[in-house]
K.L.:
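Here you go, one structure.
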2 protein chains.
Amino acid sequence: MNENSNSVNIDQKQRGYHHGNLRAVLVSEGLNALQEKDADDISLRAVARRTGVSATSVYRHFPDKQAFVEALCAEGSRMLAAAQREAMLSSGGGQNGLDATGLAYVNFALANPTLFRLMSRAAPSETGLGGAKDPAMQELMSNVATLLPKDVSEERRRIRALHAWSVVHGITMLVLEGRLPRDIETIKGVIQTPVD
Amino acid sequence: MNENSNSVNIDQKQRGYHHGNLRAVLVSEGLNALQEKDADDISLRAVARRTGVSATSVYRHFPDKQAFVEALCAEGSRMLAAAQREAMLSSGGGQNGLDATGLAYVNFALANPTLFRLMSRAAPSETGLGGAKDPAMQELMSNVATLLPKDVSEERRRIRALHAWSVVHGITMLVLEGRLPRDIETIKGVIQTPVD
DNA sequence: GCAAAAATGTTTACAGTGATAACATGAATG
DNA sequence: CATTCATGTTATCACTGTAAACATTTTTGC
């Protein structure tokens, strides 16, 4: 039926009535709309309008607005995961790599504030993305685990992983919400604050 | 008619046309509406309706919806600050007290999820509440500062305070968003994870 | 091949929303 | 007590999400 996928690649010439690739274009155009972060919330009609298609055509591809937003979030999750993987690889792993993935998290949020907020808000129970079962989360867990001494209990490893996630997510949200200045050095300092 | 809640006290009987205390009642009723957290967003009309007043009467007391929401947030900030002060006092201060205020923060958020999200989202530049200049934040800073050795630099004290705030805010948001289970023991573990 | 079915698009319509303007009523002030 | 001002109300508007009925392609079964 439709193969829209990750990076959202669009070509496929426009032929009259049937658009041919509407779903993918809607998602892509939705992401664009989010970047011009004028309104914090997004309007299906606006997305349809800028795609040059009727308002209700969206409902041929998404049961409701919530579903559309979730599609945007899924796309965002892929982007974020890729950025973090890249950061981990290019920093050589270890504690250094962990800090790097944290920084990648913050940078993604600052570069895509509206999308990130959307991702944070959307109920993850449905998609599983962003929840504790998210692949990215699993990786964080295992990364933290390898950095701890062998005699540390499973429970404490879990706590430490959640602690790391909390620090990064917390500083991200505080800056994003404008409650802290967008000072990257301070952010690094917070992320790199040593534990234990 | 209705006298609900703590900081907003309402009495004053209802006399015909002029309500007498509309602003306070609207805020109070708005907070109530937030607790029946059915819709994540709140509608001015719904608040007016449940107050038994016309939809547009709200605009006699608030220039727009944003202003109304900010009033709710201000009320929430007061409640949160009070809870934290109480926690600090009844726990005897020190590191213990700091952990207690953190826990109070989380508990407030879990008890008032919609309000807390609103407070987190609202631009704090206007009100100053919730920003780094918030009295609560100032207090956090000074609390952290007193816990550190005398030879720690001003800059590191600042970083440590922000770190503490990030941990608490982060774990709060993660749980609130449903990305982590509502397990209070785990939360305590994360908050109490020792630094340095 | 081609008719029937399924997919995908459009116009129309509706109820709910934030917001403005014109009007009504009561309270405060001279 | 008359005027003024604060505070309430009733239209009205543009916009939103969504459903229903209709149109046009594409796919599929024979």
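Chain A is the first sequence line, chain B the second, and so forth, proteins listed ahead of strands; every chain is numbered from 1.
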K.L.:
Could you state the atom-to-atom distance from CG of A:L22 to P of C:dT8 in whole Å?
P.N.:
10 Å
K.L.:
What salt bridge (charged side-chain N to carboxylate O under 4.0 Å, His left out) pairs are there with at least one residue in residues 135-156 of chain B, not counting sequence neighbours?
P.N.:
B:E155-B:R158
K.L.:
Atom CZ of A:F62 to atom C1' of C:dG9: distance rounded to whole Å?
P.N.:
15 Å
K.L.:
Please give, in whole Å, the distance from D:dT7 C1' to B:Y59 OH?
P.N.:
16 Å
K.L.:
Any side-chain N or O of B:H61 under 4.0 Å from OP1/OP2 of D:dA6?
P.N.:
no
K.L.:
Separation of B:K65 atom NZ from C:dG16 atom C1', in whole Å?
P.N.:
12 Å
K.L.:
Hey, could you give me each pair passing ring-ring contact (aromatic ring centres under 6.0 Å, His included) that has a residue in residues 171-196 of chain A? Not counting sequence neighbours.
P.N.:
none
K.L.:
Round to the nearest Å and state the distance from A:D41 atom CG to C:dG18 atom P.
P.N.:
12 Å
K.L.:
Can you tell me the distance, in whole Å, between the CZ atom of A:R23 and the P atom of C:dG9?
P.N.:
12 Å
K.L.:
Quick one: ring-ring contact (aromatic ring centres under 6.0 Å, His included) partners of B:F62, sequence neighbours excluded?
P.N.:
B:F68
K.L.:
Could you check how far CG of A:N21 sits from C1' of C:dG9, rounded to whole Å?
P.N.:
14 Å
K.L.:
Would you say the side chain of A:F108 lies within less than 4.5 Å of the side chain of A:T172, judging by non-hydrogen atoms?
P.N.:
no
K.L.:
Between B:R60 and B:D64, just flag the one whose closest nucleotide in DNA chain C comes earlier from the 5' side.
P.N.:
B:D64
K.L.:
Looking at side-chain heavy atoms only, is the closest gap between B:W165 and B:R160 below 4.5 Å?
P.N.:
no
K.L.:
Could you check whether B:S43 gets within reach of a base, just the sugar-phosphate, or nothing at all, counting any heavy atom under 4.0 Å?
P.N.:
sugar-phosphate
K.L.:
Spell out yes or no: do the side chain of A:T56 and the base of C:dT11 have one donor N/O and one acceptor N/O closer than 3.5 Å?
P.N.:
yes
K.L.:
List for me each residue that meets side chain to side chain donor-acceptor pair (under 3.5 Å) alongside A:Q192, sequence neighbours excluded, and say none if there are none.
P.N.:
none
K.L.:
For A:S54 and A:R45, find the nucleotide of DNA chain C closest to each by heavy atoms; which residue's nucleotide sits nearer the 5' end?
P.N.:
A:S54
K.L.:
Rounded to the Å, how far apart are A:Q66 CD and D:dT18 C1'?
P.N.:
15 Å
K.L.:
May I have the list of side-chain donor-acceptor pairs in residues 98-106 of chain A shorter than 3.5 Å, sequence neighbours left out?
P.N.:
from, atom 1, to, atom 2, distance (Å)
A:D99, OD1, A:Q95, NE2, 3.0
A:T101, OG1, A:L98, O, 2.7
A:Y105, OH, A:H169, ND1, 2.9

K.L.:
Determine to 10° how strongly the helix from C:dG1-D:dC30 to C:dG30-D:dC1 is bent, judged from the axes of its five-pair ends.
P.N.:
10°
